[in-house]
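Here is the structure we will look at.
What you are looking at is a predicted structure, and each value in this text was computed from that prediction instead of being measured. We're numbering straight along the sequence, starting at 1. Read the numbers this way: they start at 1 and go in the same order the structure lists the ligands and their atoms.
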Amino acid sequence: MKLNSLGLDPQKTKELASQLNVLLANFQIYYQNLRGIHWNIKGKNFFDLHIKFEELYTNANVKVDEIAERVLTLGETPLHTFDDYVKVAKVPVGKNISKDENAVQLIVNSLTELLKIERQILNAASEADDEGTNSMMSDFISEQEKTVWMMNAWLGRSI
Ligand SMILES: [Fe+2]
């Protein structure tokens with residue numbers, strides 16, 4: 001079989017890029033959820049959470065770019081319109097959330113969905129010998145699992 005210039009199976013590479021596009025779309029929903037709660041949060045935890053949500057959306061913004069550029073590296077076009085994002089969204093859309101516990105729960109629920117997609121990509125990347133995508137996914141997964149722990153701790157729950 002003829003490999004592409006990355007040394008990878010072209011068909012598997014195309015499939016991985018398409019899964020990364022699904023992750024990209026869902027990350028954009030997560031990013032916008034974070035902007036929403038950064039803006040709309042109310043109550044005694046305002047100052048802490050307003051800053052924490054900014055930290056998270058800044059981090060998500062960097063990851064969105066990394067995912068899109070991985071799609072390009074794999075030879076495909078990253079999804080870049082809101083209508084495409086909404087079509088493949090699995091992350092729940094948060095609207096009019098101003099209560100602190102609901103905002104933090106939205107983060108947990110969003111990350112739970114992102115982790116599912118990332119694990120699927122991780123498995124597919126291993127199967128395709130795509131170490132670049134694989135290591136990106138494992139970095140995302142361990143970091144997000146830690147965030148889920150911290151958000152659950154804030155909520156007074158275990159994972
Ligand atoms: Fe702001």
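The OH atom of Y30 lies 4.0 Å from the CG atom of L111; values are rounded to the nearest 0.5 Å.
Applying the salt bridge (charged side-chain N to carboxylate O under 4.0 Å, His left out) test to residues at least two apart or on different chains, the pairs with a partner in residues 107-116 are E113-K116. Within the structure, every pair that satisfies the ring-ring contact (aromatic ring centres under 6.0 Å, His included) test and touches residues 51-72, not counting sequence neighbours, is listed here: Y31-Y57, H38-Y57.
Note on K146 versus E143: no salt bridge recorded, every NZ/NE/NH1/NH2 to OD/OE distance being 4.0 Å or above. Ionic pairing of R70 and D130 is present here: one or more N-O contacts between side-chain nitrogen and carboxylate oxygen are shorter than 4.0 angstrom.
Shown here are the protein N/O/S atoms lying under 2.8 Å from the Fe ion (ligand 1), water excluded: H38 NE2.
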Residues 94-107 side chain polar contacts: donor-acceptor under 3.5 Å, at least two apart:
unit_1	atom_1	unit_2	atom_2	d
D100	OD2	N45	ND2	2.6
Q105	OE1	R157	NH1	2.3
Q105	NE2	N109	OD1	3.0

